[in-house]
Amino acid sequence: MKTLQREIISENPVIIAHRGFKSLYPENTMSSFEAAIRAGAHMIELDVTLTRDRKMVVIHDDTLDRTTDGKGWIHETDLAEIRVLDAGSWFDPRFKGEKVPTLEEVVACCGRRILINIEIKESAYEPEEFPDGIEQQVVSLIHSRKCGNQILVSSFRPEILFRVAKLDSGLSLGLLTEEKDAESIFHFAEKIDLYSWNPEAMIVTQGLVQKTHRQNIRVFPYTVNSVSEAKVLVEKQVDGIFTDDPALMLQGLAGFRQR
Ligand code: G3P
Ligand code: CA
């Protein structure tokens with residue numbers, strides 16, 4: 001089994017701050033990631049896609065509309081245009097001036113302080129492989145920062161993971177699946193060496209967790225924001241959870257360990 005940093009991953013459950021400390025800070029911003037680190041989360045999760053000029057930006061949606069004061073498709077906008085936008089005020093005026101971070105910025109700032117789950121968005125997938133495709137750029141960044149053992153690369157799109165594995169078979173990979181796709185994990189686990197299965201929490205059963213564990217794959221369901229729901233999942237022996245409120249989960253699950 002591949003290893004992320006041992007002392008962190010031995011936490012059970014691993015508390016993964018979904019888009020940072022999303023419940024109290026504007027998602028996928030530096031303030032959200034810093035808050036998650038301060039709260040004691042074990043890992044931060046972020047979303048990455050490409051701009052028109054093929055730079056990696058950390059943002060969840062395919063457009064700028066919801067989480068910035070700009071408008072339009074990210075893949076039709078250059079980084080310089082995105083960087084002048086306000087990515088904080090939509091959440092709360094207190095966060096005015098918050099920027100859409102580049103992936104380089106987040107890894108440079110947080111990479112030595114916390115594990116990072118980089119979710120490569122399906123919107124960045126290109127049927128043809130390019131030297132500056134998102135998979136190549138993510139792997140190059142991880143190599144240049146020498147932080148491979150601190151990064152989990154995930155995607156809903158298996159082709160993205162296949163490409164990342166081809167570029168560096170040592171990286172830890174997580175397959176995301178939505179509600180309808182519970183059994184697809186076992187199909188892909190035969191084709192790719194996965195570190196984790198990151199399913200929508202509703203589809204997790206103890207049987208699926210056990211079957212996944214037998215393949216040496218960890219289970220990290222998303223997105224869990226109630227302590228009671230988290231406890232049910234921990235009883236099903238999941239290895240970690242994605243949450244918008246890492247402080248609540250750390251407090252609520254303290255001392256609650258299934259195994
Ligand atoms: O990685 C877990 C979760 O982030 C996947 O869904 O839509 O929040 O990116 P989404
Ligand atoms: Ca995500």
Side-chain angles (χ1 to χ4, degrees), residues 4 9 13-30 32-33 35-36 41-50 56-68 74-75 87 90-91 100-103 106-107 110 114-125 134-135 138 150-161 164 171-182 184-185 188 192 194-204 208-209 212 217-226 229-230 233 238-246 249:
L4 291 172
I9 212 69
V14 181
I15 302 299
I16 308 165
H18 180 232
R19 310 182 204 168
F21 201 144
K22 180 175 176 285
S23 66
L24 294 183
Y25 295 79
E27 65 183 61
N28 280 324
T29 61
M30 293 308 301
S32 188
F33 300 132
H42 307 128
M43 187 186 294
I44 53 171
E45 186 261 0
L46 57 82
D47 304 285
V48 69
T49 193
L50 286 183
M56 294 186 289
V57 282
V58 175
I59 189 165
H60 177 269
D61 296 359
D62 298 343
T63 70
L64 297 158
D65 304 22
R66 182 178 63 89
T67 59
T68 76
I74 291 152
H75 73 272
W90 71 275
F91 187 81
V100 174
T102 63
L103 183 62
V106 180
V107 172
C110 305
I114 193 164
L115 300 172
I116 303 178
N117 172 205
I118 299 173
E119 181 193 336
I120 302 180
K121 300 309 287 184
E122 290 184 279
S123 57
Y125 175 74
I134 194 157
E135 303 89 351
V138 166
Q150 291 168 297
I151 306 278
L152 173 65
V153 179
S154 66
S155 187
F156 282 102
R157 183 133 200 162
E159 294 94 328
I160 289 176
L161 299 181
V164 172
L171 291 175
S172 298
L173 303 177
L175 180 68
L176 281 153
T177 56
E178 290 173 324
E179 289 168 47
K180 58 188 182 322
D181 293 329
S184 65
I185 175 65
F188 289 109
I192 189 164
L194 289 172
Y195 179 85
S196 67
W197 176 40
N198 306 354
E200 209 288 325
M202 275 171 56
I203 64 175
V204 174
L208 281 172
V209 175
T212 310
I217 298 170
R218 292 175 172 84
V219 182
F220 298 147
Y222 69 90
T223 300
V224 185
N225 290 324
S226 99
E229 188 190 354
L233 287 161
V238 303
D239 304 280
I241 52 161
F242 290 88
T243 180
D244 297 334
D245 191 334
M249 284 300 150

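This is a predicted model, so every value here is computed, not measured. Ligands are counted one by one from 1 in listed order, and the atoms in each one are counted from 1 as well.
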Residues N198, S196; criterion side chain to side chain donor-acceptor pair (under 3.5 Å); working and verdict: CA-CA 6 Å; N198 306 354; S196 67; 2.8 Å; yes
Hey, is L176 touching ligand 1 through its side chain, its backbone, both or neither, going by heavy atoms under 4.0 Å? side chain
Evaluate side chain to side chain donor-acceptor pair (under 3.5 Å) for S184 paired with T177, printing each intermediate quantity in order. CA-CA 8 Å; S184 65; T177 56; 5.1 Å; no
State, yes or no, whether a side-chain contact exists between F188 and L161 at a heavy-atom distance under 4.5 Å. no
Report the member of H60, E119, K22 with the shortest heavy-atom distance to atom 5 (C) of ligand 1. E119
Can you check whether R19 has an N/O within less than 3.5 Å of an N/O in ligand 1? yes
Please examine the side chains of Q150 and L115, heavy atoms only from C-beta on, and report whether any two atoms are closer than 4.5 Å. yes
Inter-residue atom distance Y222.OH - T243.OG1, 0.5 Å rounding: 14.5 Å
Restricting E45 to its N/O/S atoms, the closest one to the Ca ion (ligand 2) is OE2
Geometric class of the F242/H18 ring pair [parallel <30°, tilted 30-60°, perpendicular >60°]: perpendicular
To the nearest 10°, how many degrees is the angle E119 OE1 to the Ca ion (ligand 2) to D47 OD1? 90°
Flag E45 as yes when one of its N or O atoms lies below 3.5 Å from any N or O atom of ligand 1, and as no otherwise. yes
Can you find a pair of side-chain heavy atoms, one from L233 and one from V219, that are under 4.5 Å apart? no
Ligand 1 versus E122, non-hydrogen atoms closer than 4.0 Å: side chain, backbone, both, neither? neither
Which segment of D47 sits under 4.0 Å of ligand 1 when only heavy atoms are counted: side chain
Nearest protein heavy atom to atom 3 (C) of ligand 1, by residue and atom, and its distance? H18 NE2, 3.5 Å
Near K121 (heavy-atom distance under 4.0 Å), the atoms of ligand 1 are 9 (O)
